[in-house]
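Whatever order the structure lists ligands and atoms in, that order sets their numbers, starting from 1. All residue numbers refer to positions in the sequence shown, counting from 1.
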Amino acid sequence: MNDNLSIIILAAGKGSRMKSTTPKVLHKISGFEMLYYSIKEAKKLSDDIHVVLYHQASRVQKAMDKYFTDINYTIQDHENYPGTGGAVMNINLKHENTLVLNGDMPLIQSSELEKFNTNDNSAIVMSVLQLDDATGYGRVIVENNSVVKIVEQKDCNDEELKVTTANAGIYSFNTKFLNDNLPKLSNDNAQEEYYITDLVEFAIEANETVTPLIVDEENFKGVNSKFDLATAEVIHQNRIKKEFMSNGVIMRMPDTIFIDSSVQIEGESIIENNVTLLGNTQIINSHVKTGSVVEDSTLEDSDIGPIARIRPKSILKDTHIGNFVEVKKSNLNGVKAGHLSYLGDSDIDTGTNIGAGTITCNYDGKNKFKTIIGKNVFIGSNTKLIAPITLEDNCMTAAGSTLSKNVKSGQLAITRTKVRIIKDYFYKFFGKK
Ligand code: UD1
Ligand code: MG
């Protein structure tokens, strides 16, 4: 934590280039809104964080209230002062330096942001990208390690458009310089907006130092379009997966795996190709085979898949789940369910085998009911368990049974119509071949 730093996060813009009714900063990367990441990293550095909102402000604030309680929200006077410069006006800043971040930069990390706090005499330290193609960014001219010019893409002449040094959009201001110069901003430019970048011009004119800090797109990429969103998510996913692999997790073809940033994977776990791990999921010493999806669930010493789906609030321990098995809101402890089953709202105990095609009929169209299955139970293939239903330890069901009664220890439950054999019926129906 830094005791001389205030942070402003800009999140008022509409994000028209996203072509969406959802505000730009609420689009998600690895399961969380872009703005969540900016605030999370900012909180590691400052106790004075201001988030600037305008478009769908209450929706954005509500989304962030789920995660953070100690953030100052400011509503930009967007009608009169649109633009990134307008966004930083009228904020009561506590500290000597002020870091300004964009809410559309989900890849930033606090370790990178710390570098802006140089403690020298610069009026501004600003982030600069050296790119092959700077399309979409404001252009920056750097001479002798000092910024000498800054111009927005829409205000560039042909020569300036060729410049590949770009403004990444993060600035550390001397707070006094910021407060003294904000009133001088005007909207005399192509977009008729108040640009924060004009403060750089003011500093240059006043012979103040504007220090460029060279940063890379890996951390400072701005998201303006759905394509940028996808590109940033790939970078973010690679970070998540690299971290797990360095902690000993095996991943097969990691480019095909998707993992929300809230997921935890521990121990000697194996994640095969095309696996999706979502939400509040924990994988401990487990093997998730190809094509499986796990959401808000815990797997411990278990293996699932290929092509298994573990839906929210499931806890699997020492359990084997095979292909085409769906589990929802169930506790499975030492269970085998190898093929083609639906196990919902159930508790199933050690040594129990679930035959292929078993269905817990948990929903009657109005309410959900529980299925409780004890230890060492043998469920025959294609059993329908009509919940609420309890099967005690050490009992069995016959293949194809539809059960609406509890089964006690030692019993076999069987529902079957008698088999009728009709001689020569085939020939009568199809004729002799
Ligand atoms: C801005 C910079 C550009 C830089 C780029 C880096 C300006 C004028 N330009 O352009 O030099 O290369 O970032 O990504 O600053 N916002 C508000 N209020 C507004 C307008 C925007 O809060 O009135 C917020 C947006 O929500 C966003 C951030 O400011 O988080 C940047 O806005 P955006 O429209 O994306 O600016 P760029 O055109 O990318
Ligand atoms: Mg932007």
Sequence neighbours excluded and cut-off under 3.5 Å, please list the side-chain donor-acceptor pairs for residues 81-94, or say none.
unit_1 : atom_1 : unit_2 : atom_2 : d
Thr84  : OG1    : Ile196 : N      : 3.1

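Looking at Asp303 and Lys289, a side-chain N of the basic residue comes within less than 4.0 Å of a carboxylate O on the acidic one, giving a salt bridge.
Scanning all heavy atoms of the two residues, the minimum distance from Ala166 to Tyr137 falls at CB-CB, 3.5 Å.
The neighbour count for Gln191 CD, taken as heavy atoms of other residues, nucleotides or ligands under 6.0 Å away, is above 12.
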N/O pairs closer than 3.5 Å, ligand 1 and protein:
unit_1   : atom_1 : unit_2 : atom_2 : d
ligand 1 : 9 (N)  : Glu152 : OE1    : 2.9
ligand 1 : 9 (N)  : Glu152 : OE2    : 3.2
ligand 1 : 11 (O) : Glu152 : OE2    : 2.6
ligand 1 : 11 (O) : Asn167 : ND2    : 2.8
ligand 1 : 12 (O) : Gly138 : N      : 2.8
ligand 1 : 12 (O) : Asn167 : O      : 2.5
ligand 1 : 15 (O) : Thr84  : OG1    : 2.6
ligand 1 : 18 (N) : Gln76  : OE1    : 2.8
ligand 1 : 22 (O) : Ala12  : N      : 2.9
ligand 1 : 23 (O) : Gln76  : OE1    : 3.4
ligand 1 : 23 (O) : Gln76  : NE2    : 3.2
ligand 1 : 23 (O) : His78  : NE2    : 3.1
ligand 1 : 23 (O) : Gly83  : N      : 2.7
ligand 1 : 23 (O) : Gly83  : O      : 3.2
ligand 1 : 26 (O) : Ala12  : N      : 3.4
ligand 1 : 26 (O) : Gly13  : N      : 2.9
ligand 1 : 30 (O) : Leu10  : O      : 2.7
ligand 1 : 30 (O) : Gly103 : N      : 3.3
ligand 1 : 35 (O) : Lys24  : NZ     : 3.2
ligand 1 : 35 (O) : Asp104 : OD2    : 3.3
ligand 1 : 35 (O) : Asn224 : OD1    : 3.2
ligand 1 : 38 (O) : Arg17  : NH2    : 3.1

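Applying the ring-ring contact (aromatic ring centres under 6.0 Å, His included) test to residues at least two apart or on different chains, the pairs with a partner in residues 169-190 are Tyr171-Phe173.
For Tyr73 and His50, the distance between ring centers is not under 6.0 angstrom. Aromatic ring centroids of Tyr36 and Phe68 lie under 6.0 Å apart.
For the Mg ion (ligand 2), the set of protein N/O/S atoms nearer than 2.8 Å consists of Asp104 OD2, Asn224 OD1, ordered by chain and number.
Residues Leu26 and Arg59 are in side-chain contact: their nearest non-hydrogen atoms beyond the backbone lie under 4.5 Å apart.
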Between Phe369 and Tyr363, is a ring pair (Phe, Tyr, Trp, His ring centres under 6.0 Å) present by the stated rule, with each step listed?
CA-CA 6 Å; Phe369 300 96; Tyr363 185 48; 8.8 Å; no
